[in-house]
Amino acid sequence: MSVDVVEVREPARAASLRAVWPAILGLAVVFLVEMLDNSVLNVALPTIARELNASTTALQWITSGYSLLFGGLMIAFGAIADRYGTRKMMLIGLTLFALANLAVLVVSTPGQLIAVRAAIGVTAAMTAPGTMALCFRLFDQENLLMRATSLIVTVGLVGMAVGPTVGGLILQVLPWQTLLVMNVPIAVLAIGCIRFGIPADDPAHRNRSPLDLPGALLGTVTIILALWTATLAVEEGWSEAAPWLAGAGAVLAAVAFVVRERRTAHPMFDFKLLKRPAVSASLAYEAALGLGMAVIGFTVTLQLQLVWGWSPAQAALGNLPQVVVMLAMGPFVEKFVDKLGTHRAGVLGASSFLLGLLIYGVLGRQGYMWIAIALALTAAGMRVVATIAGVTVMRGLPEDQTSIGAAMSDTSQEIAGSVGMAVTGTIVAAALGGSLITVGVSPAGIHTFENAVTTATLVLTALCAGLIVWAARRSAKATETAA
């Protein structure tokens with residue numbers, strides 16, 4: 001008796017970006033929507049307040065409710081995607097995301113809008129871990145993966161930079177609901193591109209360990225409380241009890257999460273993976289980017305409008321150096337990394353980012369030229385580092401944990417960004433002791449605000465430098481190990 005052995009072949013990986021352009025387009029627009037969805041609505045908050053008669057507290061929850069759930073649930077959904085299919089989770093998430101955004105058409109109260117934003121945050125968290133994980137699935141060649149990641153990251157970062165401007169222009173001619181409804185056709189486009197452009201999930205590459213539900217719950221609570229602590233610190237200040245209570249809750253939940261993951265037979269995430277130099281270096285680089293972009297993103301617009309009297313449109317144009325450099329760097333990132341190697345390219349990119357922050361902190365008050373230089377340097381550094389970190393963390397993880405790895409990368413930047421906002425907001429509020437609107441009324445107010453911005457920028461630059469030095473050392477170790 002003979003037995004026929006059928007060889008099962010994996011789908012061939014792409015030999016060029018052009019061969020899988022629908023997939024790249026779908027993943028890029030998913031990342032774009034994730035970057036846009038919070039900032040683009042901020043410009044509509046005054047309009048929303050008038051039309052829905054929303055209180056200040058309601059407006060805060062309209063924005064922070066999305067951020068808390070989006071940041072808090074990414075790791076949990078990443079773990080689920082690794083077990084049940086990354087592509088399947090992405091398609092389900094995009095479908096629900098479109099329906100959640102469409103629901104804004106029936107909103108008539110602030111509470112209903114908060115519920116819609118919460119639903120959007122949950123569904124966005126379902127899609128986020130799959131962006132880099134599915135991109136990783138398309139290519140074997142390192143240079144193609146680097147090129148595709150660079151393209152996706154650029155689309156997202158440029159979208160984040162121009163989002164408020166685009167939102168403001170739309171509000172001139174269309175109702176504020178349009179800012180959410182426009183996500184529906186984008187989601188439909190992404191569904192089509194991913195459905196037909198990316199191979200179906202292979203059961204052989206799934207994580208077969210049981211899902212650790214208690215661990216997922218503790219991890220989610222930890223991240224949500226950490227993000228909420230930063231939000232409360234900015235909104236209410238450290239003189240109130242709420243930020244301290246939320247922070248204590250985050251610490252307790254984090255301790256419980258670590259204890260649970262170390263003791264359970266099937267942890268949601270194996271902490272031993274953090275000992276891999278490539279993984280820990282990438283997460284540290286991502287956190288540094290989050291910290292630095294928080295301070296420069298928050299204070300540049302305030303400096304231009306409140307101190308120098310620029311209009312909102314002029315201030316939006318003032319951020320163009322970021323966008324221009326991100327786009328211009330695109331064709332050169334891959335060549336830069338190929339010539340210098342991942343480690344040295346990452347160090348130089350991070351150094352450019354730090355130099356931009358330092359120039360802004362020390363010289364930004366002297367004139368717009370220095371702000372433009374700072375924006376250009378931080379954008380160039382971020383373009384390189386974000387691409388390298390995105391690829392490296394995926395290469396450093398087992399194939400059945402790529403979704404949760406991508407989620408950890410996004411979450412590290414999200415939490416670091418919230419910490420950066422909390423530090424910046426605390427320092428500026430402590431210095432001014434009043435409303436930001438009155439900053440430009442007197443020379444003393446301007447001087448106080450500029451000193452606070454300098455202090456906040458230098459503090460966060462120092463924290464970024466510490467993370468980058470540690471990341472560079474881990475990256476060097478990863479390079480030695482690979483050699």
Side-chain angles (χ1 to χ4, degrees), residues 17 24 28 31-32 34-36 39-40 146-166 285-286 288-304 308 310 313-340 342 344-391 413 416-417 420 453 457 460-461 464-465 468:
L17 264 64
I24 299 298
F31 192 54
L32 170 65
E34 292 168 10
M35 294 293 100
L36 274 176
S39 63
V40 76
M146 186 76 66
R147 198 178 304 167
T149 303
S150 177
L151 177 60
I152 292 171
V153 167
T154 299
V155 171
L157 293 178
V158 170
M160 180 175 63
V162 303
T165 305
V166 172
Y285 273 137
E286 293 280 10
L289 294 181
L291 279 175
M293 286 309 298
V295 64
I296 202 167
F298 177 69
T299 58
V300 164
T301 300
L302 295 179
Q303 171 80 17
L304 296 179
W308 294 348
W310 291 25
Q314 289 173 322
L317 293 175
N319 283 285
L320 278 181
Q322 272 190 328
V323 179
V324 172
V325 171
M326 285 179 192
L327 291 174
M329 285 283 293
F332 305 104
V333 173
E334 181 193 344
K335 296 176 182 178
F336 184 66
V337 176
D338 283 343
K339 185 174 182 178
L340 298 179
T342 301
R344 286 202 293 170
V347 170
L348 286 176
S351 299
S352 172
F353 186 75
L354 280 178
L355 180 59
L357 289 177
L358 191 61
I359 288 175
Y360 174 64
V362 176
L363 299 172
R365 65 174 71 184
Q366 301 301 324
Y368 175 71
M369 179 187 71
W370 295 111
I371 290 181
I373 292 172
L375 291 173
L377 287 171
T378 52
M382 182 168 57
R383 184 72 164 76
V384 173
V385 174
T387 301
I388 291 174
V391 172
Q413 191 168 0
V453 169
T457 304
L460 289 175
T461 301
C464 286
I468 286 170

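These numbers come from the heavy atoms of this one structure, side chains and all, not from hydrogens, waters or symmetry mates.
A heavy-atom distance below 4.5 Å is not found between the side chains of R383 and V325.
Counting all heavy atoms, side chain and backbone alike, K339 lies closest to R344 at O-NH2, 4.4 Å. Nearest heavy-atom pair across A372 and P321 is O-CB, 3.8 Å. Contact between A386 and E286 at its shortest, heavy atoms only, is O-OE2, 4.3 Å. Smallest separation of non-hydrogen atoms from S352 and G381: OG-N, 3.8 Å. The two residues C464 and L291 have their closest heavy-atom pair at SG-CB, 3.7 Å.
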TODO: Please step through side-chain contact (heavy atoms from CB on, under 4.5 Å) for the pair L348 and V384, ending with a clear verdict.
DONE: CA-CA 9 Å; L348 286 176; V384 173; over 6 Å; no

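To the nearest 0.5 Å, the span separating CG on L363 from CD1 on I373 amounts to 8.5 Å. Distance check, rounded to the nearest 0.5 Å: CD1 of I152 to CD1 of I24 gives 5.0 Å. The line from CD of Q366 to CD1 of I359 is 13.0 Å long, rounded to the nearest 0.5 Å. Distance CD/Q413 to OH/Y285: 14.5 Å, rounded to 0.5 Å. Rounded to the nearest 0.5 angstrom, Q322 CD and L377 CG are separated by 11.5 Å. Taken from CE in M293 to CG in L357, the straight-line distance is 8.5 Å, to the nearest 0.5 Å.
Under a cut-off of 6.0 angstrom, the local environment of CH2 in W308 is crowded, with over 12 non-hydrogen atoms contributed by other residues, nucleotides or ligands.
Between the side chains of T299 and Y360, at least one donor N or O sits under 3.5 Å from an acceptor N or O.
For the pairing with T457, the side chain to side chain contact (heavy atoms under 4.5 Å, CB included) check across V362, V295, I296 returns one residue only, V295.
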